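Just so you know, these numbers come straight off a predicted model, no measurement behind them.
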Amino acid sequence: MTTEQREDVVTLLLAQHEQIKGLIERVETTHGEAKREAFEDLVRMLAIHETAEEEVVHPASRRASVSDSVVDSRLHEENEAKHVLSELYDMGVLHEGFDTKFRTFANSVVEHAEMEEKEEFGQLAQQTSADERKKLSDAVRVAEAVAPTRPHPHAGESAIANIIAGPPLALFDRVRDAVRDWRRKTEE
């Protein structure tokens, strides 16, 4: 891909936020197998997205002079979300308390995304060149390729923690996903 064709990191992240909102809506409006599939897609998307933000975007924001308090707040929110997402995953979509807990979680995810867009992404765009943002987009894509597909709240939320723990957890998650998918196919 040429430099002109590469995506700006802010554009990429905004598009991912829209995907996340769409998955949230699918979880809230579907039932049974469709709801479980939508939730698993959301879990995967959030785990990969947040890992890439923690490894690439937030450190780049700090380097671009985005306030430490802004970045620290987003990291804190992401860490809290990992814990709740992990709890929801363990509950499963059929659990009687799932919908109530999910609604609260969904609201916090949307609020978090809006705060990133308002407080962090705008400053990142202003403080970096178009070429830098394209390079950051490439780095996000690489981080996503080796990111875990489930939340691991005890692994930490820093770039270093994700870089050290992420690849082994990602391998474990992806094997577990493949076995789960194989079982479902053979049970049909």
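Here the closest non-hydrogen pair linking S137 and D8 is CB-C, 4.1 Å. T30 approaches A38 most closely through the heavy-atom pair OG1-CB, 4.5 Å. A106 approaches I24 most closely through the heavy-atom pair CB-CG2, 3.6 Å. Of all non-hydrogen atoms in T29 and E25, the two that sit nearest each other are OG1-O, 2.8 Å.
Cluster annotation: F98 is connected to L42 through the hydrophobic network of ILVMFWY side chains, with a link wherever side-chain heavy atoms come within less than 4.5 Å. At a threshold of 4.5 Å between side-chain heavy atoms, the hydrophobic network of Ile, Leu, Val, Met, Phe, Trp and Tyr places F121 and M115 in two separate groups. Both V110 and V84 are assigned to one and the same hydrophobic cluster, defined by single-linkage of ILVMFWY side chains at heavy-atom distances under 4.5 Å. Under the 4.5 Å side-chain heavy-atom criterion for Ile, Leu, Val, Met, Phe, Trp and Tyr, M91 and V93 are members of the same hydrophobic cluster.
For the side-chain hydrogen bond (donor to acceptor under 3.5 Å, both in side chains) with R74, the lone residue among E119, E54, E50 that qualifies is E119. For the pairing with S61, the side-chain hydrogen bond (donor to acceptor under 3.5 Å, both in side chains) check across Q127, Q123, E120 returns one residue only, E120.
Counting only heavy atoms from C-beta outward, the side chains of E144 and Q16 approach each other to under 4.5 Å. For the pair L12/R141, a side-chain contact is recorded, criterion being any heavy-atom separation below 4.5 Å from C-beta on. V10 has its side chain within reach of R133: a pair of non-hydrogen atoms, C-beta onward, lies under 4.5 Å apart. At a threshold of 4.5 Å between non-hydrogen side-chain atoms, the residues K35 and D99 count as touching.
Separating the CZ atom in R44 from the CG atom in L23 is a distance of 12.0 Å, to the nearest 0.5 Å. Summarising the geometry, atom NZ belonging to K135 is positioned 9.5 Å from atom CG belonging to D138; distances are rounded to the nearest 0.5 Å. Of the inter-residue distances, the one linking L46 atom CG with Q19 atom CD reads 11.0 Å to the nearest 0.5 angstrom. Here CG of D72 is found 5.5 Å from CG of D68. Values are rounded to the nearest 0.5 Å. The distance from the CG atom of L124 to the CD atom of E117 is 13.0 Å, given to the nearest 0.5 Å.
Side-chain atoms of T11 do not come within 3.5 Å of backbone N or O of E7 as any donor-acceptor pair.
Defined by atom type and a distance below 3.5 Å, a donor-acceptor pair is present between the side-chain atoms of E116 and H112.
By the side-chain hydrogen bond (donor to acceptor under 3.5 Å, both in side chains) test, E53 pairs with H49, sequence neighbours left out.
Summarising the local packing, NZ of K118 is surrounded by 12 or fewer heavy atoms from other residues, nucleotides or ligands at distances under 6.0 Å.
Note: F105 and F102 have tilted aromatic rings, judged against thresholds of 30 and 60 degrees for the angle between ring planes.
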Does the pair E78 and H58 meet the rule for a side chain to side chain donor-acceptor pair (under 3.5 Å), with working shown?
CA-CA 11 Å; E78 289 166 5; H58 299 320; 2.8 Å; yes
